[in-house]
Amino acid sequence: MKKIKELFRESLFLNAIFNFIDLIYDKLSESFFGGIFTSYDSEVEAAENSLTVNILKKINLKPLKFRVIKGFEHSSILNFIMKQLRKMMLYSVSVYGIFLFSFGLYTTIIYFLSVYAFNLKEMDILNLIIGIFLMIASFPMLFVKVKISDLMCKSRIMSFLLFKVFGARKESIQISGTVIIRNNIAFLLGMIVGLSSYFLAPEYILLGIIALVGIFTFIMIPEFGIVTVIFVVPFVPTMFLAGLIIFVTICYFLKLIRGKRTLKFEIIDVSIFIFLLLTILGGIFSVSRETSIRPALLYSCFILGYFLVVNLIRTSEWVKRCIVSLTFSAFIVALYGIYENFFGMVEQTWQDEELFEDIRGRVVSTFENPNVLAEYLIMILPLMIAIFLFSKKINQKLVFLMMTGVSGLCLIFTWSRGAWLGFLIGMLLFLLIYHRKSMILLLGGLISLPLLPVVLPQNIIDRFLSIGNIQDTSTSYRVNIWRAVIEMIKDNFSSGIGIGEGAFTVVYPKYSLAGIESAPHSHNLFLQIIVEIGIFGLIIFLAAMIIYMQNNFSLYKKLGDNIKYTETKLLSAAGFCGIVSVLIQGMTDYIWYNYRVFFVFWLVVALTIAVRRCAMLEWTERNEDDTSADLIYENTNYKRLEIRSKGNGD
């Protein structure tokens, strides 16, 4: 193996190729466009020194801020709640065991009384199962006399969940004080809750208790609220998701008011905030205001998720928690999609059966449409690949390799050509960012293109090659809608018609071509933005995406090919390329039609930016303690300064 490596290193041909690749990368970096796309830091510095920012800096709000913080910290209600919560951490484990035993016992008694004494035959057998389960589960707890806080810190499972998953601080859990035993009160409370199962099903009571624990956790650790929201995106209704985001926002502001969290705005944040304002205006000034207000508010709520992530996720540990949550959630979605494909529950609604009769159907998983599922997957697949690449433990590599394979297979079964194309282009860009020598792999891929028919099934090749085939009903349908939408834009160029399907269906029939009188949207992201909020909306969105690109490429330029920062570079590049992939699909589909995909879009943008900000913040803190570092970054502008180490003799 060593001889083979030496042979490759000494190869004149390979060295010539590597030198040529280095030349291309250097020229691109030094070019006009290279300078533009890596100028984010200078733009931030210019903004920091602008007249507006300097005026805002002169406004001294510290006295007001300290007064508000002092008011909150000395609030009798807040102090009472915190005192009771600390007290709960001092209770013996046996107290909680007695509560659960009493709850289960009286739930079981209520079941038997209802069925045999009151003759209520419709009582659910699940009530009995829950009651018996609670009694069995409580039995090991009845004999543990230690504080619940000590158990949480000493138990491997509990400590892993609390400190690794939830991100709680050990000092906030490990409360000092003597153990409290209130067995009588615990039994009485359990009895009251158990008796209430006559009126309310015990599963709802348990869900209520879990919800209260969740509310407390989100208030104390709003970052975990973000992790939870990210995980549940594909599985919960839109309104429930919006409610979660609003609640996490309230938790964040409570921390912000108390001085426990910070609020930071950069150029990218300003551009996205302006886009949010235009979205709200698109709901107010609409041809159908009554149908536009709701989607405008929902879109605004989901964009709010972006600001939550970039302000709450401030360490690399929290970034990883978010990305792992996102990827595992997508893996479950992909598993269900594969289950659909092999057990005959596929959809044939979005398929030209004459052209593609060898395709048995398209999977939708937890989404309503195969294209929507594909949009979701192509944003997250690069993140799975990134974690696989930088994972050091073999078991972690195997897990993420399996997750990537399952998700990639599910993407194939969506049969979404736009998503396939977007994903391929995104991965091409990912490899080029990952390492300049990746171009060798790309050249090898081009050379091996004639061998694809041997490797890939014919139906996949036929489906991919049909891109642009006007004979396909899906393609002709889109083209005719685009022709009508362009005419709509001519008459509503500056202001748009308003947000949402309701406004679109009011205006579109006036411009539609024969045979396509009804359509829910324009099947093109960029056309739809102009239609809804006008050309200025598209300009702001494109400006935000260009700044987003600058944000990422300026980071890649700083990192170079330094192996120390591989993890940071991979996560940033993966998120960025996921967004590029879905934007390419946006040329043939309106990728924001589904609210959950819209939310995931801004989540991935936010996580990518959070990767950069966390890395910069950690480097800054590290270099404050180590002046012999190779790179230091000043203030929050992260200006690069090259300094020489005093101990290297230079």
Side-chain angles (χ1 to χ4, degrees), residues 81-118 120 122-166 168 170 172-221 224 228 231-232:
I81 293 171
M82 296 305 296
K83 185 179 179 180
Q84 295 305 312
L85 290 173
R86 290 192 188 96
K87 195 175 179 181
M88 288 179 68
M89 300 300 289
L90 295 174
Y91 282 128
S92 167
V93 175
S94 62
V95 172
Y96 293 95
I98 288 171
F99 169 79
L100 290 178
F101 180 82
S102 178
F103 179 12
L105 175 65
Y106 281 94
T107 298
T108 305
I109 292 171
I110 285 294
Y111 175 81
F112 282 115
L113 285 175
S114 300
V115 173
Y116 297 107
F118 306 139
L120 297 175
E122 68 275 8
M123 280 294 285
D124 194 345
I125 190 67
L126 183 62
N127 293 17
L128 177 62
I129 295 171
I130 291 174
I132 294 172
F133 172 78
L134 287 173
M135 285 191 287
I136 295 171
S138 68
F139 189 74
M141 302 172 65
L142 297 175
F143 308 99
V144 181
K145 302 298 182 182
V146 301
K147 292 181 291 186
I148 189 71
S149 62
D150 289 345
L151 178 71
M152 289 178 174
C153 294
K154 292 176 182 177
S155 167
R156 288 186 178 181
I157 296 174
M158 290 292 290
S159 59
F160 172 78
L161 290 173
L162 284 169
F163 308 127
K164 295 293 184 182
V165 179
F166 292 3
K170 197 165 186 177
S172 64
I173 301 296
Q174 202 164 23
I175 306 297
S176 60
T178 57
V179 63
I180 301 174
I181 298 176
R182 296 285 189 272
N183 292 339
N184 294 336
I185 295 174
F187 189 85
L188 181 63
L189 283 174
M191 182 180 69
I192 294 170
V193 175
L195 290 174
S196 66
S197 65
Y198 180 80
F199 306 99
L200 185 65
E203 59 264 33
Y204 293 126
I205 297 173
L206 285 173
L207 285 173
I209 294 171
I210 293 169
L212 286 173
V213 173
I215 288 169
F216 167 69
T217 306
F218 288 2
I219 291 172
M220 298 302 294
I221 315 170
F224 182 68
T228 304
F231 184 81
V232 303

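Residue numbers run from 1 in the order of the sequence given.
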How far apart are the closest heavy atoms of [X] and [Y], and which atoms are they?
X	Y	answer
Ser138	Met135	OG-O, 2.8 Å
Leu206	Ile130	CD1-CG2, 3.7 Å
Leu142	Gly97	CD2-C, 3.5 Å
Val179	Lys145	CG2-O, 3.6 Å
Thr178	Leu90	O-CB, 4.0 Å
Pro140	Ala137	CD-O, 3.3 Å

Quick one: [atom1] on [X] to [atom2] on [Y], what's the gap to the nearest 0.5 Å?
X	Y	atom1	atom2	result
Leu105	Leu195	CG	CG	9.5 Å
Ser159	Leu151	OG	CG	10.0 Å
Thr107	Phe133	OG1	CZ	13.0 Å
Asn127	Ile132	CG	CD1	11.0 Å
Lys87	Ile180	NZ	CD1	5.5 Å
Leu212	Thr217	CG	OG1	10.5 Å

Evaluate the side-chain proximity of [Y] to [X]: yes if any heavy-atom separation is below 4.5 Å, no if none is.
X	Y	answer
Leu207	Tyr204	yes
Ile192	Tyr106	no
Tyr111	Ile125	yes
Leu113	Tyr198	no

Notebook entry, point to check: Got more than 12 heavy atoms from elsewhere within 6.0 Å of CE, Met191?
Noted result: yes
Note to self: Please determine whether the number of non-hydrogen atoms from other residues, nucleotides or ligands lying under 6.0 Å from atom CD1 of Ile157 exceeds 12.
What the structure shows: no
Item checked: Phe143 and Phe139 aromatic ring geometry - parallel, tilted or perpendicular at 30°/60° bounds -> perpendicular
Margin query: side-chain contact (heavy atoms from CB on, under 4.5 Å) for Tyr96 and Met88? Distances and angles first, verdict last.
Written below: CA-CA 10 Å; Tyr96 293 95; Met88 288 179 68; 3.6 Å; yes
Checklist line | Partner of Ser197 by side chain to side chain contact (heavy atoms under 4.5 Å, CB included), out of Ile110, Thr108, Ile109 | finding: Ile110
